[in-house]
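Worksheet: one structure, shown below.
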Number of protein chains: 2
Amino acid sequence: MAQLDTVSRILDTAETLFAEKGFAETSLRTITSKAKVNLAAVNYHFGSKKALIQAVFARYLDPFSESFNLEMDRLEAEYSGQEIPLEAVLQTLTQTVITMPSPTRNGLSVFMRLLGLAYTQAQGHMRRYLQEQYGTVFFRFTTMVREASSDLPDVERFWRLHFMLGSAVFTMSSLDALKDIAEKDFGEQTRVRDVVQRLIPFVSAGMSAPVTTIASTANAASEKM
Amino acid sequence: MAQLDTVSRILDTAETLFAEKGFAETSLRTITSKAKVNLAAVNYHFGSKKALIQAVFARYLDPFSESFNLEMDRLEAEYSGQEIPLEAVLQTLTQTVITMPSPTRNGLSVFMRLLGLAYTQAQGHMRRYLQEQYGTVFFRFTTMVREASSDLPDVERFWRLHFMLGSAVFTMSSLDALKDIAEKDFGEQTRVRDVVQRLIPFVSAGMSAPVTTIASTANAASEKM
DNA sequence: TTATGTTTCAAACATATGTTTGATAATGAG
DNA sequence: CTCATTATCAAACATATGTTTGAAACATAA
């Protein structure tokens, strides 16, 4: 089936190139020539470049969010009613990430970098797309985090959740570069799962750090913000 | 002096637009029309678009790295020879960030977002530029962090340093959006310094989290990485 | 004032981009 | 086989981009 072949060749190459250079910096001509398909193929099969970008994400995120929902079901069933510890919530997330059979030919790290790009480089349409498509899964996750850290003030948890997110997204989005450095400096190969396993204690400790009240100083008019 | 006026009008608008849309997505025509200068002005005063991007960073980072170096001198003098606690190192960094008189008309958060973009969206030239120009300051900082956490295995500290970096860069790069959400949800205004003060306990706790040894499982050939 | 160097400006240039087109080839059901 | 649908292809299209140009305006010092 030449049609499916073309479609997934485009998806694979686009994924790699987007991750390497970013969305705007990757042209359809680069994608199609590397994928050895005709230039018009992208518009024929996907409609537009924007749609191609979304398709690249959907191919990964659709099965992921399904798996993640199932895993969360399992977790809630396991703790039926009792409070779920934060570490368990995080482990569930990362286990889902790690054990998910990658629908792409490229590895997890390529996709992680893509996710990072989507979050920072997100022009309006991507952010909206991710929100609309996968907002409910994300909401369910944050709800679990809230219940797993009910002692934390809401504002504090809000910010710490994003600190946590930042550690993950940032690290993962530079993962290939960091793995190279780590291997050169410490002579040991690092796998995605290793990094993730290092990440969990870090963010767990961060989430349960003592809350220091913010001094509501009134003399803060000096800089614009 | 019409010349300086043109130059800094370009820098100001470029900074804002880059932060909003990214580098590739912001055209010279958009910049020059918003800044009410002629299109050719950018190439006349800066030479090229790349050079403009670097100038935007230099205007902020040059005074910053100078201040930061001074503050590190001060810190080392204060603890003359004794081990400097990690929190003190971090406080020094954040104090420098916060108290620095902003050379730009735009606030700190705009620049933070820029930094985040530079790190993730970095095409080769930016990464190289930042490394060459400010690599030594960064190295001095990481050295201080190492000495302030000498009990940590090198590999572990390497990754945790990037987790830390990630929290900061990621949060700061989305700061404006996050502040809006926080204000809507919790009805309290947040300043950059508040976020930073919340960040420090988080990353400090993360850095001194217990080290769990990574199980060197050999059956990890299932996914490509 | 005159002459020199600097800055601004509108226009053109060269190129790269996403998209569309119409023809040609491949495919598959009746 | 036949024919209608689907997929591929080279070429063209329309537009947006960074950069260059040469003339005009401006400033400054002799």
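Chain A is the first sequence line, chain B the second, and so forth, proteins listed ahead of strands; every chain is numbered from 1. Owing to the predicted nature of the structure, the values given are computational and were not obtained by experimental measurement.
Using a cut-off of 4.0 Å between Lys/Arg side-chain N and Asp/Glu carboxylate O, B:K179 and B:E183 are scored as not salt-bridged. Between A:R113 and A:E20 there is no salt bridge, since no side-chain nitrogen of the basic residue lies less than 4.0 Å from a carboxylate oxygen of the acidic one. Between A:R140 and A:E76 there is a salt bridge, since a side-chain N of the basic residue sits under 4.0 Å from a carboxylate O of the acidic one.
Not counting sequence neighbours, B:R146 has no partner by the salt bridge (charged side-chain N to carboxylate O under 4.0 Å, His left out) test. Annotation: side chain to side chain contact (heavy atoms under 4.5 Å, CB included) contacts of A:A14 (sequence neighbours excluded): A:F18, A:I31, A:L52, A:V56.
B:I10 has its CD1 atom 13 Å from the C1' atom of C:dC9, to the nearest Å.
Within the 4.0 Å cut-off from OP1 or OP2 of D:dT8, at least one side-chain nitrogen or oxygen of A:T6 is found. Dashed line: the shortest gap from a side-chain N or O of B:H45 to OP1 or OP2 of C:dT8 is under 4.0 Å.
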What does nucleotides 12-24 of chain D look like as a protein-contact string, B for base, S for sugar-phosphate only, - for none, at under 4.0 angstrom between heavy atoms? B----BBBBB---
